[in-house]
Amino acid sequence: MIKKGFLFTIMAVALTMVWGCGSSDDDDIQPPVPKNETAWTKESQTFPMKIDWSGSDSKPDWADFAKLPDVGEFENWMILMVTLQDELVAYATENDFMALFIDGSMRALANPAIKIGDTKDVSFILKVLGNETSGKSVEITLKYYCAQLHQTFTVVGSEIFVPERVYGVNETFYVPLMDGCPKFPVCTPVTIYFPQEKPSFVEPAIGDMFLLMVDGECRGVCVVDEHLFVTPYPFTAYAKRNGEEGRLYFYDVSENTFWNTGKTVTLSNDPQIVNLTY
C-alpha cells in the first residue's frame, strides 16, 4: 500500500514537458562520438514491452454494494470521477470495482467503469458520503480491483472534503493506481536526458520506446513523443525490492530492433536521472 501526500493529481502534460526542460552546463558538454562507433549495442534477443501487473487476488469482500452504509446516516456528499491510467485501460472489464474509504469506512463504491464520449478514457464515478464539514482534511483510501489482472491497487492520501463538490468532470483525474500495486512496492521516478546531438545509428520516431528491464522482466516503459530526444523524458519504474538494478533499452519500432543503451538504474523510492550517450 503506497501512501501519497495528495491522492488526486490533475495531469497537465504541457506542464510536465516544461518542468525539467533545462539542462546543466555539464549536460550540454558531451565528448564527440567517433563515426561508426556508439555506446549502444544492438541486441539479437527481444524483450517484453509492458509491465506484468497480474496478481492472484480474488474478488475482494468490499466489492459488494450491500456493504455500503445507509445513505440516511450521512448529511453530505461529493462526486469524484476517477480516470484509469492509460496502462490499465486495456485490462478494464465490467467486473472491475472501485471503492473509496474515509478513515477506514467505505463511503463509495462503483461498478462498472464507463467511457466518456469518444475518448479512450475509462472512468469510475463515485458518490462519496460523509458527515465531514467543508474544509476538513480526511484520510482517503482508494481501492481498485481489476478482475482481468486479479490485482487490487491501493493508494492512500489526504484530501479536503467539500460537500456537494464535483471532481473530475471537465477535468481529468489520473490517480497513481499503479504506484499502489503490492507486486511492486518500490516506485522510482526516472528522467532520461539527451545529448544535443541526435544519434546517427537510429532515427527516433513517435511510438518508439525506452524499456527498463530487470532480469528480463519489464519494469518501466517510456514512449517517445513528438519531442524526439529533445526534452527530458520522465517515467516511473517499479521494483519488487529496494536496490534492484535495471538496464535501459531502446526499441526502434520501424526496424523492430532493440538497442542496449549501456545505462543502468538502481531502483529505489528516490528519483533517478539517466544521461544518455551515443
Side-chain angles (χ1 to χ4, degrees), residues 1-17 19 50-51 53-55 57 60 62-63 65 68 77-102 106-130 138-162 164-184 187 189 207 220-223 225 233-238:
M1 181 174 65
I2 304 298
K3 191 156 187 174
K4 297 288 178 183
F6 296 95
L7 180 59
F8 301 108
T9 304
I10 299 177
M11 299 298 289
V13 176
L15 183 59
T16 301
M17 292 303 175
W19 182 82
K50 59 182 178 180
I51 299 171
W53 299 104
S54 62
D57 293 348
W62 52 260
F65 285 95
L68 280 173
W77 56 267
M78 63 180 183
I79 301 294
L80 299 176
M81 187 167 78
V82 181
T83 300
L84 291 182
Q85 291 166 286
D86 290 345
E87 293 86 345
L88 296 176
V89 168
Y91 306 106
T93 70
E94 62 183 11
N95 298 315
D96 295 355
F97 284 83
M98 183 173 287
L100 186 143
F101 299 77
I102 294 180
M106 186 162 70
R107 301 291 184 85
L109 182 64
N111 160 267
I114 61 172
K115 294 196 72 173
I116 305 296
D118 296 328
T119 69
K120 65 178 181 179
D121 290 345
V122 174
S123 304
F124 287 88
I125 297 179
L126 299 161
K127 184 175 183 179
V128 184
L129 304 173
V138 294
E139 182 178 270
I140 290 179
T141 299
L142 192 73
K143 293 179 177 287
Y144 168 55
Y145 173 66
C146 180
Q148 184 172 333
L149 290 173
H150 298 284
Q151 187 67 268
T152 302
F153 300 83
T154 304
V155 288
V156 180
S158 59
E159 192 65 36
I160 302 297
F161 191 98
V162 181
E164 301 186 23
R165 174 73 161 88
V166 177
Y167 294 90
V169 177
N170 297 325
E171 57 183 3
T172 302
F173 285 98
Y174 290 101
V175 179
L177 290 166
M178 295 185 303
D179 290 5
C181 179
K183 186 175 183 178
F184 303 115
C187 308
V221 178
C222 180
V223 179
D225 60 15
Y233 284 180
F235 69 101
T236 302
Y238 299 88

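Numbers here are sequence positions counted from 1.
Atom-to-atom distance recorded for T236:OG1 and F184:CZ is 13.0 Å, nearest 0.5 angstrom.
For the pair Y167 and M81, the minimum side-chain heavy-atom distance is 4.5 Å or more. Between L100 and T141 there is no side-chain heavy-atom pair separated by less than 4.5 Å. Contact annotation: the side chain of V122 never approaches that of L88 to less than 4.5 Å [non-hydrogen atoms, C-beta and beyond]. A heavy-atom distance below 4.5 Å is not found between the side chains of I79 and V128. With a 4.5 Å cut-off on side-chain heavy atoms, F235 and V223 do not count as touching. Within the 4.5 Å cutoff, the side chain of V175 has heavy atoms near those of the V155 side chain. Using a 4.5 Å heavy-atom threshold, the side chains of V82 and M98 count as touching.
The aromatic ring centres of F124 and Y144 sit less than 6.0 Å apart. Between Y145 and W62, a ring centre-to-centre spacing not shorter than 6.0 Å is recorded.
Side-chain atoms of K183 come within 3.5 Å of backbone atoms of S54 as a donor-acceptor pair (strictly under, hydrogens ignored). Remark: side-chain polar atoms of D121 are not paired, donor with acceptor, to backbone N or O of T83 under 3.5 angstrom.
When all heavy atoms are compared, the tightest approach of A110 to L126 is CB-CD2, 3.6 Å. The minimum heavy-atom distance between Y238 and I51, with the atom names listed, is CD1-CD1, 3.7 Å. In terms of heavy-atom proximity, T152 sits nearest to D57 at N-OD2, 3.0 Å.
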